[in-house]
2 protein chains.
Amino acid sequence: MNVGIKDVARVAAVSPATVSRVLAGRPVDPDMRDRVMAAVHETGYRPNLAARRLRSRHTNTIGLIVADIRNPFFTAVSRTVEAIAYDRGLRVIFCNTDEDAAKEAMYLQLMQEERVTGVILAPTREGADRIAHVESDFPIVLIDRAAPNASCDSVVIDNAAMAAKLVAHLHRLGHRRIAGLFGTDTVTGRERCDGYGRAMEECGIPGQVVPVAHEREQAQRAITALLEDASRRPSALVVSNSVMLQSVLRVADALGLEIPRDLALTSFDNEPWMEFVGGGLSVIEQPVEEIGRTAVTMLMDRLDHADCVTRRVVLAGRFIARGSGGRGAEA
Amino acid sequence: MNVGIKDVARVAAVSPATVSRVLAGRPVDPDMRDRVMAAVHETGYRPNLAARRLRSRHTNTIGLIVADIRNPFFTAVSRTVEAIAYDRGLRVIFCNTDEDAAKEAMYLQLMQEERVTGVILAPTREGADRIAHVESDFPIVLIDRAAPNASCDSVVIDNAAMAAKLVAHLHRLGHRRIAGLFGTDTVTGRERCDGYGRAMEECGIPGQVVPVAHEREQAQRAITALLEDASRRPSALVVSNSVMLQSVLRVADALGLEIPRDLALTSFDNEPWMEFVGGGLSVIEQPVEEIGRTAVTMLMDRLDHADCVTRRVVLAGRFIARGSGGRGAEA
DNA sequence: AAAACCACAGAGAACGTTTTCCCTACTAGG
DNA sequence: CCTAGTAGGGAAAACGTTCTCTGTGGTTTT
């Protein structure tokens, strides 16, 4: 049998209500407070959070649902979100959907049952569409992936502009055959693709977009198809994220291509190892901490101002130039 | 006001108890079952998990506490644990201690308050020591880091043997000046260090152990001190994990060392990018999925057999040879 | 000095479920 | 045909808290 608040009350010779008040930090006679605290320590009392949540009707819990925990970008964001949340006395329920819309729906339902205070969500493509229509009991803040017309608060980076920056960088280095690899299943992928497309147009060179699926086998097939024919091979690539970039590297390695001599690579996300591949890759670093911090803040804000208009925070990425980017290729 | 089980009961014209029974899948007249299910859909009822947990006295929740989520090894293990747990209808409370013993203690206390079914823990060094003495209300399974005499179930890899394998590999390639970089704060680090030391002894060459702190600044200083003096520089390194390896690469890069010509690297953990650095690094791949799966299974097992003797599962790592490992160095 | 007020402690309801207990109706066995 | 046994549904207690409401003693105000 576990020790409950009543046991503490008995030991301290006060009422359960008083124990509750002491623990909640409400005003109580110092003398009694001491007695209660002594009793708490003596009995080793630990409040039962389920009971507390049931009665008080607030769970102090937020949900964090990301689409792919293997993507270090999401790991990094999650880390910040959790650190900040725990710091504010919020518990975090963490979920990973693996880009599976059904799993995502299941988790959102779980959030309902948990009666969470709010949810931070990096949705799948389908999920992003669905969110627009569904009314949930808790506020949702979308991160990383959010259509501009989303009906939720969101914090994203300026994907189109950042993709354009990568194109501009490669163009400046002399590349003329620049292909773009973007995810088929995400809003983010589409936005980056658009930015890439427009930038290529502005440069006056034809773009070549390769849609890449999340599933690795498929991704590598698509990339191989792009790179294997030396005569039609692009001289440089804009890659949508670090996971995809690894597939590119694997294929390039298999084909015996040397980076950046045979193929210059640029990508979104900045991982430590990127410094050491192909003489250093130029990338767009996303402000992961700021994304996490902003998301939590927006969520808290939304709780205070439930009927405020939806807000969309667009953060800039940071362009990091490294290495030579390749010798360039005269188209 | 939220819809509760009583509302469903009223709509279905049955008692709350019957609704509960239907939802729990207990035998109920098919006719009533249909009425109840219809009412559930009609009302959009979602059970309140807090209430359920309070009354039923089981939370169906496990805690997962890891020391460093930035270490991809832990990310990978976490992913499996969560997938399996959710599959079995268990919720996971995920926590990251950042190698901070105080945070760890705080989270363990939180687990008590959540009344979790059990905990899977990758402890800090201090935590591993403390666990031995503390009696908790729930079973704990240690992963990755567990002293051989731990009083909990644990699943680890054979760190000493694996470290020895790396030494043997380097020795075979002709290296004679092989330094070892190991974490100061973890059981794992110590075990790998021991294995390294014994293997060096067997090879009849003197070992050189560099203790490396978790904090990156400190780590890089220690590594710089080891590598900057060309005359005393080892020709090869055994590195304890992928995070530490990144620090090594950064320092090597700063010093203008080429991998593996000037310095051969081997490490624990296998990340995709390791294929593409220095012509491919030879590493020990840890069976992350199996670790996760085993941990969950052991935890479930322990719940059924509370007084079974503590068990320690030791898994083998997989040695992956890549690249040349360097030209070797005549001591 | 009386009235009004305030601060704080205790009693008991309430939170939304599951579980226990009892009761009924039906089945089976003699 | 009667009794014992069984299956399943309803009423109400229980889970461990917090919250509301009431009461009391002391302080301020008029």
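What you see below is based on every heavy atom in this structure, not just the backbone, and it leaves out hydrogens, waters and symmetry mates. Remember, predicted model here, so these are calculated numbers, not experimental data. Every chain is numbered from 1, with letters handed out A, B, ... down the list of sequences.
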From CZ of A/Arg52 over to C1' of C/dG16, roughly how many Å is that when rounded to an integer?
18 Å
Can you work out whether B/Leu54 or B/Ala17 has the more 5'-proximal nearest nucleotide on DNA chain C?
B/Leu54
Can we say A/Arg53 and B/Glu114 salt-bridge, meaning some charged N sits less than 4.0 Å from an Asp/Glu carboxylate O?
yes
Could you state the atom-to-atom distance from CD of A/Gln112 to P of C/dG16 in whole Å?
15 Å
Before accepting this row, confirm whether a basic side-chain N of the pair A/Asp137/A/Arg115 lies closer than 4.0 Å to the acidic partner's carboxylate O.
no
Given atom CZ of A/Arg53 and atom C1' of C/dT17, what is their separation to the nearest angstrom?
15 Å
Just compare C/dT17, D/dG10, C/dG10 and give me whichever is closest to any side-chain atom of B/Val14.
D/dG10
Can you check the B/Leu23 CG to C/dT19 P distance for me, whole Å?
13 Å
Nucleotide D/dG9, atom C1' - distance to CZ of B/Arg10 in whole Å
19 Å
Decide, yes or no, whether a salt bridge links B/Arg145 with B/Glu99 under the criterion of side-chain N to carboxylate O below 4.0 Å.
yes
When every non-hydrogen atom of B/Leu303 is compared with those of B/Pro139, the smallest separation belongs to CD2-CG, 3.5 Å
State, with a plain yes or no, whether a side-chain heavy atom of A/Arg312 is found less than 4.5 Å away from one of A/Asp153.
no
N or O in side chain of A/Arg55 less than 4.0 angstrom from D/dC19 OP1/OP2:
no
Name the residue closer to the 5' end of DNA chain D, choosing between A/Ser56 and B/Ala13 according to the nucleotide with the nearest heavy atom.
B/Ala13
Check the phosphate of C/dC15 against A/Arg57, side-chain N and O only, distance under 4.0 Å to OP1 or OP2. Yes or no?
no
Can you tell me the distance, in whole Å, between the CZ atom of B/Arg115 and the P atom of D/dT17?
7 Å
Residue met sooner reading DNA chain D from 5', once A/Arg46 and B/Val28 are mapped to nucleotides:
B/Val28
Regarding B/Arg26, tell me which of base, sugar-phosphate or nothing describes its non-hydrogen contacts under 4.0 Å with the strands shown.
sugar-phosphate
Does C/dG10 have OP1 or OP2 under 4.0 Å away from a side-chain N or O of A/Thr18?
yes
Once you round it to whole Å, what is the distance between P of D/dG8 and CZ of B/Arg35?
15 Å
Can you check the B/Arg21 CZ to D/dA11 P distance for me, whole Å?
11 Å
Between A/Ser15 and C/dG10, does any side-chain N or O lie under 4.0 Å from OP1 or OP2?
yes
